[in-house]
Amino acid sequence: VILYTLLYSFSDDEYLTSVSEFAVYKIHKARHSEPVRRTLCLSEVCLLERDPQTYNVCTLQPLCDIFALVRNNQNPQLFSIEYVNGQVRTYTATDR
């Protein structure tokens, strides 16, 4: 319901049209035992996480809600996105 509300609120092209896209693996051990393939998309005003098979939006966050991007010291492919509400999403990617 929350994702649907966000997508409805952010349904214009400026929110959903990607400026850049990155192939990543999302690490979410509470939901998935293995990393999940995702396409991380950057629009003019949002960060979107899409399913690479269907290109459906899995998550959408306004850029103003991002607090920090954190790279891991031991693994240069691992990074986290921290949001102002305290949520943290962790990914791996070969591209930087």
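Just so you know, residue 1 is the first one in the sequence shown, and it goes up from there. Not measured: the values here are computed from a predicted model. The figures that follow rest on heavy atoms only: side chains count, while hydrogens, waters and symmetry mates do not.
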Hydrophobic clusters here meaning ILVMFWY residues chained together by side-chain heavy-atom distances under 4.5 Å, can you tell me if I66 and I27 are in one? no
Return the CG to OG1 distance between D51 and T59, rounded to the nearest 0.5 Å. 11.5 Å
Report yes if the side chains of Y55 and C41 come closer than 4.5 Å at any heavy-atom pair, otherwise no. yes
May I ask you to test the K26-P35 pair for a side-chain heavy-atom distance under 4.5 Å? no
Measuring from atom CD of E49 to atom CZ of R89, what distance do you get when rounded to the nearest 0.5 angstrom? 6.5 Å
For S43, which of L60, L48, L16 qualifies under side-chain contact (heavy atoms from CB on, under 4.5 Å)? L48
V88 with V36, same ILVMFWY side-chain cluster at under 4.5 Å: no
How about N85 and D65: do any of their side-chain heavy atoms sit closer than 4.5 Å? no
Closest approach of C64 and V84, non-hydrogen atoms and distance? O-CG1, 4.4 Å
Contact summary for R38 and P52, nearest pair of heavy atoms: CA-CD, 3.8 Å
Rounded to the nearest 0.5 Å, what's the gap from CZ on F22 to CG on L42? Could you check? 6.5 Å
Quick check on the hydrophobic clustering: are Y25 and L47 connected, directly or via other members, by side-chain heavy-atom contacts under 4.5 Å? no
Is it true that L40 and L63 fall in one hydrophobic cluster, defined by side-chain heavy atoms closer than 4.5 Å? yes
Under 3.5 Å donor-acceptor, S18 side chain and E21 backbone: no
So how far is it from N56 CG to T39 OG1, rounded to the nearest 0.5 Å? 11.5 Å
Nearest 0.5 angstrom please: E34 CD to H28 NE2, how far? 15.0 Å
Rounding to 0.5 Å, atoms CD (E82) and CD (Q87) come to a distance of 11.5 Å
Y91 ring center near F79 ring center (under 6.0 Å): yes
